[in-house]
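Structure, as structure tokens:
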Amino acid sequence: MRLRTQVLLLQLAVIAVSLVVGFGLVIAGADDRVREEYAQRALAIAQSVAADAEVRSEVAAHPGTRVKASDLLDGPLQRQAAAVRARTGALFVVIGNDRGIRLAHPEASELARMVSTDPSKVLSGSDDVTTDRGTLGESVRAKVPVLSADGTVVGFISVGVSTERLASETRSDIIATSLLALTALGIGAVGSALLARRWRRLTLGLESDELAELVREQGAVLHSMADGVLAVDADGIVRVVNDRARALLAVDAPVGTPAADLGLSPRVAAVLATPTAEPLAASVGERVVLVSSHRVRADGRDLGMVLSVIDRTDVEALSREVDSIRSMSTALRAQRHETANRMHVLAGLLRHGHADEALAYLDEVTGTGPGGALLTGLDNVREPHLHAFLDAKAAQARERRVVLRLGDQTWLQGALTEPVVVTTVLGNLVDNAIDAAGSGDGTGAESGTGETGEVEVEVIADDDTILVTVGDSGPGISFDDPDDVFAEGATTKSGAHVPGGRGMGLALARQIARRIGGDVWVADAGGQAPGEQELGGAVFVARLPGVLAPTEGTESSNAGELGDTDEPGGH
């Protein structure tokens, strides 16, 4: 038998037993209550008749046993008794004298005869209430003494109510009580059935053992998953959160906490509030996660939202490394093409006997090399990672028809202690600048090259801190608040689908810089015509402390060698 059926039957049994016991006690005492009620009514009638002055005088006028029925038949006592009986509905109203002789009786043949029950108690001056059988049958009767003016008992009044009438009243009370009990039982049964139905709906039709097994399975599955799962009900209260979700979202609040109090980042909170089937990238502390959500419904009811969380930190790091490798490959490919072209020129000149022209051509390219032709001033960057990185970015920019140049104050000497951090931050800023400058809104100042825009990078070292400034000739930042460009998901780019969505580069760059105590900010939102601001586009500045270790012979402060400027790059 199903548990909800057992509970329903148990509730009905409890209600039935309670009603039987309660109403049984009421019914058991019904006869006594009705009998007492009728006895008190009879006593009140008798007392009112005994207090009547005419009755008292007439009873006192007929003492002893020598009483004639003919004198009583149409006498005032007989008429008074008949009137009271008719008015009150009593079975009888009997008036007796001091010897127990009837002076009034419903049946005329009983007048002047001795009463059928013992009158000694009432004639002694006490009221007497009993259930007894007389000439008119069994009745509940009350006897009250009739007193003379001097207080002497001169007779009595006996008023009776038929027990048949009493039994009829009792039966009516029992029937009414039983109907009430059945009505209460019916209401209880309906309430129990509705409660069982609600229980079934709340438990989705599952039995107790199924629910217990489901909870065990849920705990085993959820806490063994590699992905994080966080579920809230329709009221936004956390109902499920596994260990992985706690670790990825930095949640330590217990189950039962409102989602608004979990301290989720704005992007994660927005995904939790609105069903989002397409995973979105979000940063939580030092982690990058993909979050998605969907609404759960069952039997037409909204059960709440489930948020899925996937760790993308390692993938993001690998993506950055792949980007760096791709940039290097691009640079190498560009250098190979450049070298091949020069060799073809030299081979042609020599093959046709133009030795002087070949020597002049060699003089022109001597000392510049493929990298020098791409990025003037790169010799000022003596850190190998950044040297190669900037060389690669220059080649990448040239393929995008953008000129990448180094600022006049660029100078860096030493060794990077955090090369991934520096190249990640610088790479994001340069990539965004190249995208902006290559959008077709550049100046094209390099005549004869066909480039459409310019990007200027300035790198300065101050002890162990690197200051980076990146400006472009693009259209500038279009957001009302320039700082919104660092928000997760904020982007103006379009194109191929990117897992997790676009708009994470600058957010990650700022997050990485702040993690080591630095920062990335907008120095100029751009949008000016060239001349008002050197390139006209946006200018970003990054400060990266503790990422540079000076090499032997390095100046203690490269910035001091460059004039201690507070505004790198002159932007």
Side-chain angles (χ1 to χ4, degrees), residues 31-170:
D31 184 72
D32 293 338
R33 287 195 303 275
V34 174
R35 190 179 296 275
E36 178 65 22
E37 178 185 346
Y38 276 76
Q40 292 300 319
R41 185 184 303 176
L43 181 62
I45 295 171
Q47 288 174 343
S48 65
V49 174
D52 187 88
E54 182 180 2
V55 171
R56 293 167 63 184
S57 62
E58 287 294 329
V59 171
H62 297 83
T65 58
R66 297 181 179 276
V67 179
K68 295 181 179 181
S70 56
D71 296 338
L72 303 173
L73 187 59
D74 293 323
L77 292 178
Q78 184 71 350
R79 291 194 299 272
Q80 181 78 343
V84 171
R85 184 166 62 89
R87 188 168 59 249
T88 61
L91 176 63
F92 62 82
V93 176
V94 174
I95 301 176
N97 65 9
D98 58 348
R99 296 298 181 88
I101 302 299
R102 298 188 184 103
L103 302 180
H105 194 277
E107 297 180 356
S109 59
E110 297 295 329
L111 292 175
R113 293 184 177 182
M114 189 70 180
V115 295
S116 57
T117 56
D118 182 15
S120 58
K121 182 177 180 180
V122 68
L123 291 177
S124 65
S126 300
D127 295 340
D128 186 14
V129 179
T130 61
T131 299
D132 211 341
R133 178 175 292 276
T135 57
L136 298 179
E138 188 177 56
S139 62
V140 177
R141 57 190 66 189
K143 297 177 182 179
V144 176
V146 178
L147 304 177
S148 63
D150 58 2
T152 303
V153 177
V154 296
F156 63 91
I157 307 295
S158 178
V159 177
V161 179
S162 173
T163 54
E164 293 183 2
R165 182 177 176 185
L166 186 148
S168 177
E169 290 282 346
T170 301

Test item: [X] and [Y] side chains (from C-beta on) under 4.5 Å apart, heavy atoms:
X	Y	result
Val153	Asp98	no
Phe156	Asp128	no
Asp127	Pro145	yes
Ile95	Glu58	no
Arg141	Val94	no

On a heavy-atom basis, which atom in [X] and which in [Y] lie closest, and how many Å separate them?
X	Y	value
Ala50	Val144	CB-CG1, 4.0 Å
Ala39	Ala142	O-CB, 4.2 Å
Ala90	Val159	CB-CG1, 3.9 Å
Ser57	Glu54	OG-O, 2.8 Å

Between [atom1] on residue [X] and [atom2] on residue [Y], distance to nearest 0.5 Å:
X	Y	atom1	atom2	answer
Glu110	Phe92	CD	CZ	12.0 Å
Ser120	Leu123	OG	CG	7.5 Å
Ser158	Ile45	OG	CD1	11.5 Å

Asn97 side-chain N/O to His62 backbone N/O, donor-acceptor pair under 3.5 Å: yes
Sidechain-backbone polar pair: Arg56 side chain, Val146 backbone, donor-acceptor under 3.5 Å: no
Chi angles and distances behind the side-chain contact (heavy atoms from CB on, under 4.5 Å) call for Met114, Ile101: CA-CA 5 Å; Met114 189 70 180; Ile101 302 299; 4.1 Å; yes
Name every donor-acceptor pair, under 3.5 Å, that has one atom in a side chain of residues 74-87 and the other anywhere in the protein, sequence neighbours excluded.
unit_1	atom_1	unit_2	atom_2	d
Gln78	OE1	His105	N	3.0
Gln78	NE2	His105	O	2.8
Arg79	NH1	Asp74	O	2.4

Full working for side-chain contact (heavy atoms from CB on, under 4.5 Å) between Thr117 and Lys143: CA-CA 11 Å; Thr117 56; Lys143 297 177 182 179; 2.5 Å; yes
Pair Leu91-Val161, side-chain contact (heavy atoms from CB on, under 4.5 Å): steps then yes or no: CA-CA 5 Å; Leu91 176 63; Val161 179; 5.6 Å; no
